[in-house]
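Written below as structure tokens is the structure these notes are about.
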Amino acid sequence: MSIFKFKQFDIDQTGCAMKINTDGVLLGAIVSHPSPKRILDIGTGTGVIALMLAQRFPDAVIDAVEIDRQAAETAGRNFQLSVFSERLSISHTAIEQYNHPGKFDLIVSNPPFFVNDLKNEEVRKGIARHADEDFFSLLVEKSNSLLADDGQIWLILPVKQADEVIDIASQHNLSLAERINIHSDENKPTFRQIICLKKGETLLIESDFNIYESLKEHTKAYKLLLKDFFLAY
């Protein structure tokens with residue numbers, strides 16, 4: 001078994017094509033919202049982001065969607081074994097087939113992003129990492145339909161795909177409210193962006209975040225961000 005231990009929960013990664021990674025934990029820790037009551041995690045994988053948000057927002061009920069059956073089953077077990085189990089649920093379905101009677105205050109996703117790139121030879125990992133051309137349009141359109149009027153959508157993406165999503169969002173009356181430029185270190189260019197989308201017009205907040213101080217040393221900001229989750233901090 002492949003177990004990743006956090007301070008308040010464990011993640012079994014068995015059967016998950018995409019393991020716990022920096023993108024996911026950054027998104028789970030950085031997302032901000034004053035007080036979400038209902039959260040949706042699209043493409044939950046191991047369930048790590050959903051569990052991080054359950055820890056951070058104790059009044060929230062979290063729904064997770066996962067297209068890969070094995071990953072959905074693993075995430076479901078991780079949810080059931082956690083102290084947050086009563087507030088977590090998993091749906092094994094594609095997001096375009098997902099239906100929910102209510103609206104979500106907060107929607108998050110660490111989505112596949114290699115659109116039109118060479119597919120991974122391992123099919124399941126390919127599903128987890130690669131997206132069809134219309135994926136982002138479907139993701140934005142579906143998220144918008146599920147979002148409460150004052151809700152927020154948070155995504156982590158490479159710069160090129162983030163720009164594409166921001167452009168698509170503008171066609172659905174969604175504005176870029178926040179953009180966090182993620183750098184390996186202060187001398188490296190942005191390699192990921194965490195973006196927040198809201199309905200209607202809004203002022204943009206932009207910032208930078210560095211992961212490493214040196215080759216193997218995380219920045220103080222990174223350690224502070226993840227101190228409530230990682231055993232090492």
Quiz item: How many angstroms lie between atom CD1 of I95 and atom OG of S143, to the nearest 0.5 angstrom?
Solution: 6.0 Å
Quiz item: Which heavy-atom pair separates F191 from S184 by the least distance, and what is that distance?
Solution: CE2-N, 3.5 Å
Practice problem: May I ask you to check whether over 12 heavy atoms, not counting those of E206, lie within 6.0 Å of atom CD? | Solution: yes
Self-check item: Distance (rounded to the nearest 0.5 Å) between I42 CD1 and N110 CG
Solution: 11.5 Å
Practice problem: Output, in order, the C-alpha distance, side-chain angles, deciding distance and verdict of side-chain contact (heavy atoms from CB on, under 4.5 Å) for S35 and F57. | Solution: CA-CA 7 Å; S35 182; F57 300 111; over 6 Å; no
Quiz item: Can you tell if the side chain of V48 reaches within under 4.5 Å of the side chain of F4, non-hydrogen atoms only?
Solution: no
Self-check item: Atom pair OG1/CG of T219 and N210 - distance to nearest 0.5 Å
Solution: 6.5 Å
Self-check item: L40 and V108: CA distance, side-chain angles, deciding distance, side-chain contact (heavy atoms from CB on, under 4.5 Å) verdict
Solution: CA-CA 6 Å; L40 176 64; V108 300; over 6 Å; no
Practice problem: Give the minimum heavy-atom separation between P158 and R192, together with the two atoms involved. | Solution: N-CD, 3.9 Å
Quiz item: Aromatic rings H218 and Y222: how do their planes relate, parallel, tilted or perpendicular, breaks at 30° and 60°?
Solution: parallel
Practice problem: Assess the side chains of D41 and T44: does a donor N or O sit below 3.5 Å from an acceptor N or O? | Solution: yes
Quiz item: So how far is it from W154 CH2 to C196 SG, rounded to the nearest 0.5 Å?
Solution: 4.5 Å
Quiz item: Got I3 and I11 here, is their nearest side-chain heavy-atom distance under 4.5 Å?
Solution: no
Quiz prompt | Q97, CD: over 12 other non-hydrogen atoms inside 6.0 angstrom | solution = yes
Exercise. Can you see which heavy atom on F9 is nearest to which on M52, and at what distance?
Key: CZ-CG, 3.9 Å
Exercise. Without swapping roles, check the side chain of S2 against the backbone of Q13 for a donor-acceptor pair under 3.5 Å.
Key: no
Self-check item: Working for side-chain contact (heavy atoms from CB on, under 4.5 Å), residues I180 and I195
Solution: CA-CA 6 Å; I180 303 166; I195 58 173; over 6 Å; no
Exercise. For the residue pair F229 and F6, categorise the inter-ring angle as parallel (less than 30°), tilted (30 to 60°) or perpendicular (more than 60°).
Key: perpendicular
Quiz item: Any side-chain heavy-atom pair from S175 and L197 closer than 4.5 angstrom?
Solution: no
Quiz item: Do D63 and H100 come within less than 4.5 Å of each other through their side chains, counting heavy atoms only?
Solution: yes
Self-check item: Inter-residue atom distance T202.OG1 - K198.NZ, 0.5 Å rounding
Solution: 5.0 Å
Exercise. Might you point out which heavy atoms bring Y233 and K7 nearest each other, and give the distance in Å?
Key: O-NZ, 2.7 Å
Quiz item: Heavy-atom distance under 4.5 Å between the side chains of L157 and Q193, does that happen here?
Solution: no
Exercise. Report, as yes or no, whether the 6.0 Å neighbourhood of atom CD on E86 holds more than 12 heavy atoms from other residues, nucleotides or ligands.
Key: no
Quiz item: When clusters are formed by joining ILVMFWY residues with side-chain heavy atoms under 4.5 Å apart, either directly or through shared neighbours, do I49 and V61 land in the same one?
Solution: no
Quiz item: Pick from L155, N181, L27: which one makes a side-chain contact (heavy atoms from CB on, under 4.5 Å) with I194?
Solution: L27
Exercise. Report yes if the side chains of F230 and V25 come closer than 4.5 Å at any heavy-atom pair, otherwise no.
Key: yes
Quiz item: Do L146 and N99 have side chains that get closer than 4.5 Å, going by heavy atoms?
Solution: no
Quiz prompt | Side chain proximity check, D149 to K199, heavy atoms < 4.5 angstrom | solution = yes
Quiz item: So if you build clusters from Ile, Leu, Val, Met, Phe, Trp, Tyr with side-chain heavy-atom gaps below 4.5 Å, do I30 and L106 land together?
Solution: yes
Practice problem: Apply the test side-chain contact (heavy atoms from CB on, under 4.5 Å) to residues I107 and Q152: give CA-CA distance (whole Å), side-chain angles for both, the deciding distance (0.1 Å), then the verdict. | Solution: CA-CA 6 Å; I107 297 176; Q152 302 176 14; over 6 Å; no
Quiz item: If two hydrophobic side chains count as joined below 4.5 Å and joins carry through other members, does I205 share a cluster with L176?
Solution: no
Quiz item: Is a side-chain N or O of N78 found less than 3.5 angstrom from the main chain of D12, in a donor-acceptor match?
Solution: yes
Quiz item: Can you tell me if S82 uses its side chain to pair, donor with acceptor, with the backbone of F84 under 3.5 Å?
Solution: yes
Practice problem: State plainly whether the residues K37 and D105 are in salt-bridge range, i.e. N to O under 4.0 Å. | Solution: no
Self-check item: Closest non-hydrogen atom pair between S137 and I168, with its separation
Solution: OG-CD1, 3.7 Å
Quiz prompt | Hydrophobic cluster membership, L174 vs L204, 4.5 Å side-chain cutoff | solution = yes
Exercise. Answer yes when K223 and E217 have at least one side-chain N-carboxylate O distance shorter than 4.0 Å, and no when they do not.
Key: yes
Quiz prompt | side-chain hydrogen bond (donor to acceptor under 3.5 Å, both in side chains) contacts in which one or both residues fall within residues 46-58, not counting sequence neighbours | solution = none
Quiz prompt | Gap separating the CG atom of D208 from the CZ atom of R179, nearest 0.5 angstrom | solution = 10.5 Å
Quiz item: So does Y212 have more than 12 non-hydrogen atoms from other groups sitting under 6.0 Å from OH?
Solution: no
Practice problem: Quick one: closest heavy-atom pair of P111 and F135, and the distance? | Solution: CB-CE2, 3.8 Å
Quiz item: Linking I/L/V/M/F/W/Y whenever any side-chain heavy atoms sit under 4.5 Å apart, do F136 and Y98 land together?
Solution: yes
Quiz item: When you measure from the side chain of H92 to the backbone N and O of V65, does any donor-acceptor pair fall under 3.5 Å?
Solution: no
Quiz item: In terms of side-chain geometry, is the basic nitrogen of K142 or E96 positioned less than 4.0 Å from the acidic oxygen of its partner?
Solution: no
